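Quick caveat, the model's predicted, so the values are computed rather than measured. Nothing fancy with the numbering, it's 1 onward along the sequence. Every heavy atom of this structure was used, including side-chain atoms; hydrogens, water molecules and symmetry mates were not.
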Amino acid sequence: IIFKKRIEIDNKYLFNIIQEVQNNTSQPIDLYPYAQITRNKIPDDIQNFYISHEGFIGVFDEELKEDDYDDIEENKKIVREANEGWLGITDKYWMTAVVPKKGENFKSTFLYKDSFKANYILNNPTTINPSSNNSNEVRLFVAAKEVQTIDSYAANQNINKLDLVIDWGWFYFFTKPLFFIIDYLFKYFGNFGTAIVYAFIVICTIWIIFIGMGVRSPIPAIMKDLRR
């Protein structure tokens with residue numbers, strides 16, 4: 001049996017890892033593709049700020065899951081299964097995420113045993129018949145959390161909800177567009193302070209227009225729902 005691994009990387013640090021096995025025996029073999037991210041210890045500069053998640057993260061069949069380091073240390077292991085998604089470990093500015101082969105049912109495990117580990121294994125084996133070969137592909141992203149890069153991978157690589165690796169808070173529908181407005185103004189003026197001031201003016205202007213049109217602000221309703 002011959003094992004081969006080919007690692008490709010693009011200019012934004014998306015790794016494409018192809019593992020190939022050649023079966024030169026007279027019997028079929030079953031293998032279970034597996035991948036793991038290991039972090040030796042909790043970062044020294046972790047902030048534990050409730051509006052910015054740092055720790056384990058993943059999307060499993062459309063559902064975002066976030067687990068703190070403390071959660072994993074206390075429970076030792078958190079297991080989930082899904083048919084589609086991704087998983088990893090995130091810092092405030094950096095992330096590492098693995099993306100299992102699309103359409104393959106997998107089991108994800110977040111655990112602590114001397115170090116923090118995020119891994120997955122496919123639930124169904126890859127069968128390699130005698131005198132033949134087969135391969136498995138894993139995508140691994142290790143880089144800074146740059147919005148445009150992550151959004152590009154989410155779209156071009158068809159990685160569902162990868163943009164949620166950035167913690168946009170409860171009001172995702174508002175904070176993400178606001179980021180793009182401020183980012184555009186920053187690139188135009190070359191100054192973040194100026195960009196924030198102009199963004200505030202734009203938002204106030206839109207709000208005044210809505211009030212003039214008799215459109216009620218959604219903010220009170222949102223706050224009421226949060227209190228409830």
Side-chain angles (χ1 to χ4, degrees), residues 10-14 37 43 45-68 80 82 84-99 102 108 118 139-211 213 215-228:
D10 66 11
N11 61 348
K12 294 293 185 179
Y13 301 98
L14 175 70
I37 300 168
D45 60 349
I46 190 170
Q47 296 184 354
N48 284 324
F49 196 36
Y50 73 97
I51 63 170
S52 179
H53 174 67
E54 295 181 66
F56 292 80
I57 190 170
V59 167
F60 306 95
D61 290 337
E62 302 284 337
E63 187 174 0
L64 174 68
K65 292 293 185 180
E66 296 176 327
D67 298 300
D68 296 332
R80 300 182 177 96
E84 181 182 353
W86 55 268
L87 59 132
I89 299 175
T90 180
D91 292 339
K92 183 176 182 179
Y93 299 113
W94 298 86
M95 61 168 282
T96 301
V98 289
V99 186
K102 194 173 181 63
S108 162
R139 287 169 291 175
L140 171 68
F141 186 59
V142 185
K145 297 195 291 190
E146 297 178 339
V147 175
Q148 292 182 340
T149 299
I150 292 173
D151 283 355
S152 174
Y153 282 137
N156 298 334
Q157 296 286 330
N158 197 21
I159 305 174
N160 191 32
K161 296 186 177 181
L162 183 64
D163 62 324
L164 296 183
V165 75
I166 297 174
D167 196 338
W168 297 102
W170 294 339
F171 302 109
Y172 168 90
F173 61 90
F174 175 74
T175 53
K176 189 172 183 180
L178 180 61
F179 166 82
F180 285 115
I181 293 172
I182 294 175
D183 186 58
Y184 172 81
L185 293 172
F186 165 70
K187 291 175 181 176
Y188 184 83
F189 292 108
N191 183 283
F192 259 121
T194 303
I196 292 172
V197 170
Y198 274 91
F200 177 75
I201 293 172
V202 169
I203 293 171
C204 288
T205 302
I206 294 173
W207 199 333
I208 290 170
I209 292 173
F210 279 161
I211 293 174
M213 295 171 60
V215 178
R216 295 179 61 186
S217 169
I219 301 300
I222 292 173
M223 297 306 297
K224 185 177 180 181
D225 288 340
L226 287 175
R227 285 195 298 270
R228 188 183 302 120

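- Looking at residues two or more places apart in sequence or on another chain, you find a side chain to side chain contact (heavy atoms under 4.5 Å, CB included) between T149 and K12, F141, E146, Y153.
- For the atom pair F186 CZ and T194 OG1, the distance stands at 10.5 Å (nearest 0.5 Å).
- No side-chain heavy atom of V197 sits less than 4.5 Å from a side-chain heavy atom of F189.
- Distance check: I201 CD1 to I196 CD1 gives 12.5 Å after rounding to the nearest 0.5 Å.
- Listed here is the closest heavy atom pair of D91 and P43: OD1-CG, 3.9 Å.
- Within the 4.5 Å cutoff, the side chain of L87 has no heavy atoms near those of the R80 side chain.
- Nearest heavy atoms, D61 versus A82: OD2-CA, 3.4 Å.
- Looking only at side-chain heavy atoms (C-beta outward), K176 and D163 come within less than 4.5 Å of each other.
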Chi angles and distances behind the side chain to side chain contact (heavy atoms under 4.5 Å, CB included) call for L64, I57:
CA-CA 8 Å; L64 174 68; I57 190 170; 3.9 Å; yes

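- Looking at K161, its side chain does come within 3.5 Å of a backbone N or O of E62 through a donor-acceptor pair.
- Residues satisfying the salt bridge (Lys or Arg N to Asp or Glu O under 4.0 Å) test with E66, not counting sequence neighbours, are none.
- Taking both residues in full, the closest heavy atoms of A143 and Y13 are given as CB-CB, 4.0 Å, listed atom of the first, atom of the second, then distance.
- Scored by the ring pair (Phe, Tyr, Trp, His ring centres under 6.0 Å) test, F60 finds no partners at all (sequence neighbours excluded).
- One finds the CD1 atom of I181 at 11.0 Å from the CG atom of D183 (value rounded to the nearest 0.5 Å).
- Between the side chain of D167 and the backbone N or O of H53 there is at least one donor-acceptor pair closer than 3.5 Å.
- Around atom OH of Y184, no more than 12 heavy atoms belonging to other residues, nucleotides or ligands sit under 6.0 Å away.
- Rounded to the nearest 0.5 Å, atoms CD (E54) and CD1 (I89) are 12.0 Å apart.
- Atom CD1 of I159 sits about 10.5 Å away from atom CD of E84, to the nearest 0.5 Å.
- A distance of 11.0 Å separates CG in L185 from CG in N191, rounded to the nearest 0.5 Å.
- Around CZ of F179, the count of heavy atoms belonging to other residues, nucleotides or ligands within 6.0 Å exceeds 12.
- Although no hydrogens or angles enter the test, the distance criterion places a donor-acceptor pair under 3.5 Å between the side chain of R139 and the main chain of Q157.
- Between W86 and V165, some side-chain heavy-atom pair lies under the 4.5 Å cut-off.
- You'll find the side chain of V59 stays beyond 4.5 Å of the side chain of L162, heavy atoms only.
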